[in-house]
Amino acid sequence: MAIAYTAAKIFTGNEWLNNHSVIINDGRIEDVISTANVPAGMEQVNYEQHYIVPAFIDNQIYGAAGMLLAVYPTAEALHKLYDYCVAGGSHHFLPTVATNEYPVFYSCIDAIKAYWNKGGKGVLGLHIEGPWINEAKRGAHIQHLIHAPTIEEARELLEYGKDVIKMITLAPEVCNTELIDLVESYGVIVAAGHTDASFAEATNAFNNGIGTVTHLYNAMSPLQHRQPGVVGAVFQHPTVMASIIPDGYHVNFEAIAIAKKIMGNRLYMITDAVTHTNKGPYPHQMEGDKYVSNGILSGSALTILKGVKNCVEQVGIELGEALRMASLYPAKVMLLQHELGCIAKGYRGEMLVLSNALEIQAHITS
């Protein structure tokens, strides 16, 4: 049955509309029309004085409610993570596991399969960050597990995680072209991260298929006047995208503003959020509004909604653009920009109702 959802303003992902309604039928957006043209007799839900915007997407998050996925690789942990993400506006997300033993990766793959088999929502797949990274830029990652993989071990992991693994963050200077081509042949998105690549190495990787970078500025060679590094390569490249953690701890808000001015629609947000745990190799502990592990900054306490607020209030990004950074742009990275991230005919009916103060008033979901 078709339902018309109306609000004071609708942000489609491309423009703001006044006095319009979104018609949803069987989980899909059937049309976006003037409210005056809603057919007589159609059920209407009116969110007066509020905004309807595309639901958010988080491409990097590790756990919630004390259940880090790597420690609790279960459908229950994913349900907890889904609840956390939805509360922060993200209807879809990539559960992530950092550098670890291979059996942990396999268990996380099994957990996602079990979650999907039970009808679990929101999980786009698995994001594996490491261990194919550069030890020099490991951050909080476990040093003795970091290594350059063989083709055989990579293929074994990719075969086991076929259709579940959706993104792998690796260092392009550690992984040769043959390995990167192998990963991409499984439909997995390759992100450059935890990398000490030179400007030339990073640019070459971007020109040869790596389309995104994990948490800009963090754990990568910096922009310096004689060695522009990965950050310089990202700034200079015409198409490569990059995620950023807008919590004010991982990246200074002024540095986000600089990146945004240079990169425009190539910059999008993630939470990189973890949860408290005393188990496993990453004992994340809350320290203020961030997490540390073994004394090293290891993750945020963000939600995407908080990231949007920070980008608007602290960075000075226009609201519509901040919303795109949380929805359309991460959808593009995941090659889902024709399904998610916009309010338009044919898209999935995944939307948020926000107040003027950017507080969630309701969820509209397919």
Side-chain angles (χ1 to χ4, degrees), residues 3 5 7 9-17 20-32 51-61 78 81-96 112 115-116 119-127 163-167 187-189 191 211-212 214 241-244 265-273 302-305 307-308 311 319-354 358 360 362-366:
I3 301 175
Y5 294 92
K9 290 185 177 182
I10 294 172
F11 182 67
T12 66
N14 294 301
E15 61 181 338
W16 288 97
L17 299 175
H20 274 66
S21 299
V22 184
I23 311 299
I24 295 183
N25 194 355
D26 196 26
R28 291 276 173 176
I29 297 174
E30 195 169 87
D31 213 344
V32 182
Y51 306 145
I52 292 178
V53 305
F56 305 148
I57 300 168
D58 189 353
N59 285 349
Q60 188 162 339
I61 184 167
L78 290 166
L81 190 50
Y82 175 74
D83 291 343
Y84 177 89
C85 286
V86 169
S90 298
H91 287 193
H92 292 87
F93 59 100
L94 272 182
T96 306
I112 289 175
Y115 179 79
W116 282 341
K121 296 182 177 180
V123 172
L124 295 174
L126 182 65
H127 179 175
D163 299 324
V164 175
I165 301 172
K166 296 297 184 180
M167 181 180 286
V188 175
I189 295 158
T212 190
T214 292
M241 299 184 72
S243 64
I244 202 160
N265 63 7
R266 297 187 291 119
L267 188 69
Y268 68 99
M269 69 180 73
I270 55 172
T271 64
D272 195 55
L302 271 180
T303 64
I304 291 290
L305 181 61
V308 169
C311 282
L319 175 58
E321 181 61 14
L323 292 171
R324 279 188 282 264
M325 290 173 68
S327 53
L328 179 59
Y329 302 157
K332 182 179 179 180
V333 169
M334 298 306 300
L335 307 178
L336 294 171
Q337 69 270 31
H338 301 299
E339 284 273 316
L340 301 171
C342 279
I343 297 176
K345 186 174 182 178
Y347 279 70
R348 293 175 61 174
E350 298 288 344
M351 303 180 293
L352 302 173
V353 179
L354 300 180
L358 302 183
I360 296 174
H363 296 270
I364 302 167
T365 181
S366 58

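- No side-chain heavy atom of Leu302 sits less than 4.5 Å from a side-chain heavy atom of Asp272.
- Counting all heavy atoms, side chain and backbone alike, Val308 lies closest to Ala326 at CG2-CB, 3.7 Å.
- Summarising the geometry of Cys342 relative to Leu328, their closest heavy-atom pair is SG-CD1, 3.7 Å, with the distance given to 0.1 Å.
- Under the 4.5 Å side-chain criterion, counting only non-hydrogen atoms from C-beta, Ile364 is not in contact with Val22.
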Please walk me through it: do Leu319 and Leu358 pass side-chain contact (heavy atoms from CB on, under 4.5 Å)? CA-CA 10 Å; Leu319 175 58; Leu358 302 183; 3.9 Å; yes

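- Distance alone, capped at 3.5 Å, is enough to place a donor-acceptor pair between the Thr96 side chain and the Ile61 backbone.
- In this structure, Met334 and Asn59 have side chains that are in contact, with non-hydrogen atoms separated by less than 4.5 Å.
- Annotation: side chain of Arg348 is in contact with side chain of Arg28 (closest heavy-atom distance under 4.5 Å).
- Salt bridge status for Lys9 with Glu15: absent, with no side-chain N to carboxylate O gap under 4.0 Å.
- Nearest heavy atoms, Leu126 versus Pro95: CD1-O, 3.4 Å.
- Contact between Gly13 and Pro54 at its shortest, heavy atoms only, is N-CG, 4.3 Å.
- Across all their heavy atoms, Asn265 and Glu321 have their closest contact at CA-OE2, 4.2 Å.
- Residues Val123 and Tyr82 have side chains not in contact (no heavy-atom distance under 4.5 Å, counting atoms from C-beta outward).
- Here the CD1-CE distance, from Ile270 to Met325, works out to 11.0 Å after rounding to the nearest 0.5 Å.
- The closest side-chain heavy-atom distance from Leu323 to Phe56 is below 4.5 Å.
- No donor-acceptor pair under 3.5 Å is formed between the side chain of Trp116 and the backbone N or O of Val164.
- The two residues Ile52 and Ile343 come nearest to each other via the heavy atoms CG2-CD1, 3.8 Å.
- Judged by distance alone, the side chain of Tyr115 and the main-chain N or O of Lys121 form a donor-acceptor pair under 3.5 Å.
- In this structure, the separation between OH on Tyr329 and CG on Leu267 is 9.5 Å, given to the nearest 0.5 Å.
- In the displayed structure, Lys332 atom NZ is contacted under 6.0 Å by at most 12 heavy atoms of other residues, nucleotides or ligands.
- One distance of note links CD1 of Ile304 with NE2 of His92; it measures 14.0 Å at 0.5 Å rounding.
- Using modelled atom types, no side-chain atom of His20 and backbone atom of Val32 make a donor-acceptor pair closer than 3.5 Å.
- Contact annotation: the side chain of Ile244 never approaches that of Tyr268 to less than 4.5 Å [non-hydrogen atoms, C-beta and beyond].
- Side-chain N or O atoms of Tyr51 include none that pairs as donor or acceptor with a backbone N or O of Leu352 at under 3.5 Å.
- Put simply, the side chain of Met351 does not reach to within 4.5 Å of the side chain of Ile10, judged on heavy atoms.
- For the pair Glu350 (side chain) and Ser366 (backbone), a donor-acceptor distance under 3.5 Å is present.
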